[in-house]
Amino acid sequence: MTPALTPFLTIGLLILSNVFMTFAWYGHLKFENKPLYIVILASWGIAFFEYCAQVPANRIGYGYFNAAQLKTIQEIITLTVFVIFSVFYLGESFHWKQAIGFGFIAIGAFFIFTK
């Protein structure tokens, strides 16, 4: 693979992974009437696909990014996917205080990526 494609493939797989992860961890909240063992099994099934994207993303990206950068990218993607999920799937509102908190996390990410 050409090094120029590495960040795109890594970030694309991390986005896909985080979509699956978010549904595995939080998707069941809309199904409060389902037994806990059912939602646990369903979440495990969804999480399998998360790992099918997460592991290759980290393997492909490591070397181009260091481990701290990979984790930081993953966390920023996680927050972004979660905000979209919570607003559009769970119907929750996004509060300005959350935006400020996420902004502080983004500032931390800036320091991880500067040399």
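In this structure the side chain of L5 never reaches within 4.5 angstrom of the side chain of Y64, judged on heavy atoms. Side-chain contact between E75 and I105: absent, with no pair of heavy atoms (C-beta onward) separated by less than 4.5 Å. Under the 4.5 Å side-chain criterion, counting only non-hydrogen atoms from C-beta, Q54 is in contact with L14. Y89 places a side-chain heavy atom less than 4.5 Å from the side chain of F23. Counting heavy atoms from C-beta on, the side chains of F65 and P7 come closer than 4.5 Å.
A 6.0 Å sphere centred on CZ of F49 holds no more than 12 heavy atoms belonging to other residues, nucleotides or ligands.
Summarising the geometry of F94 relative to V87, their closest heavy-atom pair is CB-CG2, 4.1 Å, with the distance given to 0.1 Å. Of all heavy-atom pairs spanning A24 and A47, the tightest one is CB-N, 4.0 Å. Closest of all the heavy-atom pairs between A106 and I76 is CA-CD1, 4.3 Å. Across A57 and T10, no two heavy atoms sit closer than the pair O-CG2, 3.5 Å.
Counting only distance, with no hydrogens or angles, the side chain of Q98 and the backbone of H95 share a donor-acceptor pair below 3.5 Å. Side-chain N or O atoms of N66 include one that pairs as donor or acceptor with a backbone N or O of Q69 at under 3.5 Å. In terms of modelled atom types and a separation under 3.5 Å, the side chain of T72 and the main chain of A68 share a donor-acceptor contact. In terms of modelled atom types and a separation under 3.5 Å, the side chain of T114 and the main chain of F111 share a donor-acceptor contact.
I38 contributes atom CD1, which lies 13.5 Å from atom NE2 of H28 (distance to the nearest 0.5 angstrom). In this structure, OG in S17 is found 4.0 Å from CD in E50, a value given to the nearest 0.5 Å. Interatomic distance, CG of N58 versus CG of L70, reported as 5.0 Å (0.5 Å rounding). Rounding to the nearest 0.5 Å places CD of Q74 at 11.5 Å from CD1 of I15. One finds the CG atom of L36 at 4.0 Å from the CD1 atom of I40 (value rounded to the nearest 0.5 Å). Atoms CG and OG1, from L9 and T2 in turn, are 9.5 Å apart once rounded to the nearest 0.5 Å.
Grouping the Ile, Leu, Val, Met, Phe, Trp and Tyr side chains by contacts below 4.5 angstrom, directly or via other members, places F102 apart from V81. Criterion: ILVMFWY side-chain heavy atoms under 4.5 Å apart, direct or through other members. Under it, L79 and I11 are not part of a common hydrophobic cluster. By the criterion of side-chain heavy atoms lying less than 4.5 angstrom apart, applied directly or through intervening Ile, Leu, Val, Met, Phe, Trp or Tyr residues, M21 is grouped together with I73 in one hydrophobic cluster. The hydrophobic cluster containing V19 also contains I77, counting ILVMFWY residues as joined when their side-chain heavy atoms lie under 4.5 angstrom apart, directly or transitively. Taking hydrophobic clusters as Ile, Leu, Val, Met, Phe, Trp and Tyr residues chained together by side-chain heavy-atom distances below 4.5 Å, L13 does not share a cluster with F48.
For Y51 and F20, the ring centers sit 6.0 Å or farther from each other.
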